[in-house]
Amino acid sequence: MLTGVIAGPVFTSPPVGSIVAAIRTVAQAGAAGVLLLVKNYTGDRLNFGLALERARREGLEVEMVVIADDCAFFSLRKAGRRGLCGIILIHKIAGALAEEGKGLQEIASFVKTVAAGIGTLGVSLSPCSVPGSGPTFTLGSDEIELGLGIHGEAGVQRYKMMSCDEVVKIMIDHMTDPTSKSRVEVQSGDSIILIVNNLGGLSCLELQVVASSAVRFLEGRGLRIERAMTGSFMTALEMSGVSITLMKTSSEILQLFDKETSAPAWPRVSRNPVSGRTRTFPCAPESPQPKESNPDVVSVQVYSRVLGYVCSSLLSLEEELNDLDRAAGDGDCGSTHARAAHAIQDWISSGQIPSHPSRFLAALSHVLLEKMGGTSGAVRKSIHCCKRWIFGPKRSNTYSFFNACGYVSLVGHPLF
């Protein structure tokens with residue numbers, strides 16, 4: 001990939017002297033030529049352009065390629081499209097060509113052609129803050145910003161919070177809108193490389209959720225995803241956002257993309273296409289439970305009423321239980337029980353509650369084991385197994401059932 005890199009102050013282009021020093025260093029190490037890969041920002045173009053002129057006056061072979069892959073603006077600004085995460089792909093391809101011994105002019109010409117087929121768009125839940133300063137823009141807690149830059153610039157459009165699938169659809173529709181001057185030209189049937197890039201503050205879980213949505217939506221548009229990468233490749237400090245990069249590819253580009261590199265942060269990307277994989281496998285069907293020949297309707301009604309009351313109580317106490325759990329644990333006790341309550345309510349609505357106490361308990365424990373999760377789900381499974389053992393196969397008196405379950409205090413409740 002890259003032989004050298006020049007770091008400037010945060011969100012600021014490095015000075016000309018530093019860039020010239022890097023060019024000299026690379027040339028003195030034995031390079032036949034030096035290719036400058038520059039993101040399209042005014043400061044970068046000015047400083048790298050002046051450095052290129054100085055280096056050429058010293059007799060060095062230097063070329064510069066400016067990468068502009070931003071898809072945010074429908075009409076182009078004077079400065080053109082900004083350079084974003086798409087430059088990472090150019091680093092990889094240019095580096096692979098250099099390792100093959102290609103000439104400077106040939107590499108520069110090839111990556112210019114490849115860069116024309118790259119598009120990137122970012123979205124964020126929050127701004128970022130330059131060290132020692134406040135946020136670069138303001139954003140409501142229920143808002144998202146579309147089309148922002150990697151230097152903390154505000155975006156082009158603001159939306160209310162929505163689901164990940166909806167956000168990804170808006171992003172890709174925006175990137176490929178035929179009326180946009182900065183669109184990425186991809187059509188159904190094209191092969192692409194996908195990058196889902198963390199802008200700095202997202203968790204791995206959130207990033208994978210976005211990646212899953214992007215893969216499904218792109219495949220739904222008829223695009224073939226040859227390779228996909230997720231990670232932190234082009235960040236904006238602590239910004240809680242993500243960018244999506246699409247690059248049209250070919251067998252030649254894929255071969256260069258797949259070349260080995262010693263760059264330590266480059267991920268281990270599978271050389272197999274993403275599209276066409278089987279991502280879900282059906283579970284083996286469960287053995288059907290035997291149906292009761294003569295169910296006791298009254299018992300089923302009692303069970304349903306008591307469970308309904310318990311579920312309502314658990315749902316109303318969700319936040320209180322979470323608060324109590326935060327004092328000693330991870331604060332999800334109420335949410336876990338609320339999940340169990342919803343599962344039980346669905347079970348009641350299905351009309352599949354057995355009337356025999358032992359079968360009822362076995363079925364209830366199965367619902368909790370499958371839907372509840374956490375320590376509570378496993379503990380309740382064990383408790384219900386013990387209660388089933390207490391009853392034995394013959395015991396069916398309703399009062400005895402609730403007494404054994406610890407529900408005897410409810411017998412005087414209006415539900416009865």
Side-chain angles (χ1 to χ4, degrees), residues 2 4-19 22 36-51 64-91 115 118-140 143-159 167 171 174-175 180-182 184 195-202 206-207 210 231-247 265:
L2 296 179
V5 64
I6 308 99
V10 175
F11 294 162
T12 306
S13 172
V16 174
S18 297
I19 301 170
L36 304 178
L37 298 174
V38 181
K39 294 182 290 297
N40 189 32
Y41 287 93
T42 302
D44 290 318
R45 294 188 69 159
L46 288 172
N47 284 281
F48 276 87
L50 291 169
M64 183 169 79
V65 175
V66 178
I67 309 302
D69 57 312
D70 184 19
C71 294
F73 298 97
F74 273 71
S75 57
L76 294 181
R77 305 180 304 169
K78 289 183 180 180
R81 301 163 68 187
R82 295 171 295 194
L84 300 176
C85 187
I87 198 171
I88 300 298
L89 296 168
I90 299 300
H91 293 169
I118 301 177
T120 299
L121 188 68
V123 68
S124 185
L125 304 172
S126 72
C128 63
S129 300
V130 177
S133 304
T136 52
F137 60 89
T138 58
L139 189 62
E143 294 179 320
I144 58 175
E145 188 86 2
L146 181 74
L148 33 72
I150 56 171
H151 298 154
E153 312 98 309
V156 297
Q157 201 161 355
R158 194 163 289 188
Y159 295 90
V167 172
M171 293 177 73
H174 189 104
M175 295 170 68
S180 173
K181 298 294 185 182
S182 62
V184 57
I195 296 181
V196 180
N197 170 59
N198 188 353
L199 288 174
L202 286 191
E206 292 165 316
L207 201 64
V210 176
S232 300
F233 303 105
M234 184 70 66
T235 59
L237 299 175
E238 85 286 16
M239 185 179 284
S240 295
V242 63
S243 67
I244 292 176
T245 298
L246 307 178
M247 182 177 78

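Remember, it's a predicted structure, so these values are computed and weren't measured experimentally.
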Worksheet entry | Spacing of L246 atom CG and M175 atom CE [to the nearest 0.5 Å] | 4.0 Å
Discussion item. How close do G241 and N198 get, counting heavy atoms only, and between which atoms?
Written reply: O-OD1, 3.6 Å
Worksheet item: Say you draw a straight line from CG of L139 to CZ of R158; how long is it, rounded to the nearest 0.5 Å?
Response: 5.0 Å
Fill in: Minimal non-hydrogen separation, S13 against G43, with atom names
OG-O, 3.4 Å
Worksheet entry | Nearest atoms (heavy-atom pairs only) where F233 meets I195 | CD1-CG2, 3.8 Å
Discussion item. Could you check whether any side-chain N or O of T12 sits under 3.5 Å from a backbone N or O of V10, counting only pairs where one atom can act as donor and the other as acceptor?
Written reply: yes
Fill in: 4.5 Å side-chain heavy-atom contact, N47 and I19
yes
Worksheet item: How many angstroms lie between atom OG1 of T136 and atom NE2 of H151, to the nearest 0.5 angstrom?
Response: 11.5 Å
Worksheet item: Going from NZ on K39 to CD1 on I90, what distance comes out if it is rounded to the nearest 0.5 angstrom?
Response: 12.5 Å
Worksheet, complete the sentence: Between I150 and the options L237, L84, N197, the side-chain contact (heavy atoms from CB on, under 4.5 Å) test singles out L84
Discussion item. Using the side-chain contact (heavy atoms from CB on, under 4.5 Å) definition, which of the options V184, T245, V156, T120 pairs with C71?
Written reply: V184
Item to complete: Report the distance from atom OG1 of T42 to atom CZ of R82, rounding to the nearest 0.5 Å.
Response: 11.5 Å
Item to complete: Report yes if some heavy atom in the side chain of P14 is under 4.5 Å from a heavy atom in the side chain of F48; otherwise report no.
Response: yes
Practice prompt. Can you see which heavy atom on C85 is nearest to which on D69, and at what distance?
Written response: N-OD2, 3.7 Å
Worksheet entry | Minimum side-chain heavy-atom gap L148-F137 below 4.5 Å | yes
Fill in: Under 3.5 Å donor-acceptor, Q157 side chain and L146 backbone
no
Fill in: Atom pair CG (L199) and CD (E238), whose distance is rounded to the nearest 0.5 Å
11.0 Å
Fill in: Any M171 side-chain heavy atom under 4.5 Å of V167 side chain
yes
Worksheet item: If only atom types and distance count, is the side chain of N40 paired as donor or acceptor with the main-chain N or O of V66 below 3.5 Å?
Response: no
Let me check something: any side-chain donor-acceptor pairs from residues 121-131 under 3.5 Å, sequence neighbours excluded? List them with distances.
from, atom 1, to, atom 2, distance (Å)
S124, OG, S126, N, 3.1
S124, OG, S126, O, 2.5
S124, OG, S240, O, 3.2
S126, OG, S240, N, 3.2

